[in-house]
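Inspection log for the structure reproduced underneath, given as structure tokens.
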Protein chains: 2
Amino acid sequence: MFSVSARTQYAIRAMSCLATRQDRSATSAELAQAESIPPKYLEGIMSNLTARGLIESERGKNGGYRMAKDPAAITMLEIVEAVDGKIKPVTCVDAAGACALGGNCHPRKFWVGLKQTIDAYLAESTLKDVSEG
Amino acid sequence: MFSVSARTQYAIRAMSCLATRQDRSATSAELAQAESIPPKYLEGIMSNLTARGLIESERGKNGGYRMAKDPAAITMLEIVEAVDGKIKPVTCVDAAGACALGGNCHPRKFWVGLKQTIDAYLAESTLKDVSEG
DNA sequence: CTATATTCCTATCTGGATAGTAGGAATATA
DNA sequence: TATATTCCTACTATCCAGATAGGAATATAG
């Protein structure tokens, strides 16, 4: 229950690896190698992280990725949302009455609270914290 | 991300429904009807809840289910664990070194913290709270 | 003792999401 | 021109949650 996707785990490992490199830069292939992540799969993940502005990319020869911010300024919530989208325990979490039950949906408040709880935890954990264990 | 299984949602709805009935009892078929849950699927869920001791069952004609405790004494954590098992963000959450990374797994502490955060939220929400919205 | 209504058990099917693969286009360097 | 990279799109495979089916066990009523 509530298992974390491989996608998110890969993203965090790759980011940690990148953050702890001298110069804080590396190619996707290097990160895949270092963290035992399927290389082609990681490419797509890296693009997500770039789109979100957590890292910066350089194409072509001698290209690769580098940290766009200090690891202490990057939260786990940003990483998770970048690769897997927003936390959504139930479909109606951001739209009351979206489920088949309509307005008569008592549990909704509870699920919204769960989302907020998870979001808060992820937002207060930084990449620096996690990569240092 | 972090979506809640239909199984757990069904369990909570069925429990809420049962809790708010006069006499706090009903058959599986009645609950399925009232909450628009596939009847045969609900049967298995009800068995899980019975095994956990949250409700009591009576077989045969005039049989059915009844609350085993006060709804204020039943937590969401109990219901979730009864039907979907323990919260487990990552496989290594209760066994350090269980993953391919071995002991060199910095993120583990973070995932364990997430589990504890979710567990705590679920444990402080009672069936009474949720069924009343 | 038979008919009926229920929980309980086991096995099976299925669709959709997740994980991973493939091929190449765009881009940068030398 | 050759090479190394990110980036884009499409495809395939695998797995599991969700659901279904059939019937065994059990209790009640007439």
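Note on naming: letters A, B, ... go to the chains in the order of the sequence lines (proteins, then strands), and numbering restarts at 1 for each one.
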Tabulate protein N/O versus nucleotide N/O from nucleotides 15-17 of chain D, keeping only pairs under 3.5 Å, one per line.
none

Practice problem: Not counting sequence neighbours, list each pair that qualifies as a side-chain hydrogen bond (donor to acceptor under 3.5 Å, both in side chains) and has a residue in residues 54-63 of chain A. | Solution: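 Listed once each, the pairs are A:E56-A:R66.
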
Please table the atom pairs, donor to acceptor, closer than 3.5 Å between any side-chain atom in residues 44-53 of chain A and protein atoms at least two apart or in another chain.
{"from": "A:S47", "atom 1": "OG", "to": "A:E43", "atom 2": "O", "distance (Å)": "3.4"}
{"from": "A:N48", "atom 1": "OD1", "to": "A:R7", "atom 2": "NH2", "distance (Å)": "2.7"}
{"from": "A:T50", "atom 1": "OG1", "to": "A:M46", "atom 2": "O", "distance (Å)": "2.9"}
{"from": "A:R52", "atom 1": "NH2", "to": "A:E81", "atom 2": "OE1", "distance (Å)": "3.3"}

Output one line per pair: protein atom, nucleotide atom from nucleotides 7-16 of chain C, and distance, for all N/O pairs under 3.5 Å.
{"from": "C:dT7", "atom 1": "OP1", "to": "B:S28", "atom 2": "N", "distance (Å)": "2.8"}
{"from": "C:dC8", "atom 1": "OP1", "to": "B:S57", "atom 2": "OG", "distance (Å)": "2.6"}
{"from": "C:dC8", "atom 1": "OP2", "to": "B:Y65", "atom 2": "OH", "distance (Å)": "2.9"}
{"from": "C:dC8", "atom 1": "O4'", "to": "B:R59", "atom 2": "NH2", "distance (Å)": "3.2"}
{"from": "C:dC8", "atom 1": "N4", "to": "B:E43", "atom 2": "OE1", "distance (Å)": "2.3"}

Self-check item: Counterpart residues, side chain to side chain donor-acceptor pair (under 3.5 Å), relative to B:K69 (two or more places apart)
Solution: B:E78

Please report, rounded to the nearest Å, how far the [atom2] atom of [N] is from the [atom1] atom of [X].
X	N	atom1	atom2	value
B:K61	C:dT4	NZ	C1'	5 Å
B:Q9	D:dA19	CD	C1'	16 Å
A:R13	C:dA19	CZ	P	13 Å
B:N48	D:dG18	CG	P	13 Å

Quiz item: Is B:D94 paired with B:R108 through a side-chain N to carboxylate O contact shorter than 4.0 Å?
Solution: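 Looking at B:D94 together with B:R108, the answer is no, because their closest N to O distance does not fall below 4.0 Å.
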
Quiz item: Is the phosphate of D:dG18, meaning OP1 or OP2, less than 4.0 Å from a side-chain N or O of B:Y10?
Solution: no

Exercise. Find the runs of at least 3 consecutive base pairs, i with j, i+1 with j-1 and so on, that include DNA chain C, using Watson-Crick or G-U wobble geometry with both distances under 3.5 Å.
Key: C:1-30 with D:1-30

Practice problem: Decide yes or no for B:S125 and A:F110: does some side-chain heavy atom of the first lie under 4.5 Å from some side-chain heavy atom of the second? | Solution: yes

Self-check item: Any side-chain heavy-atom pair of B:P38 and B:Y10 under 4.5 Å
Solution: yes

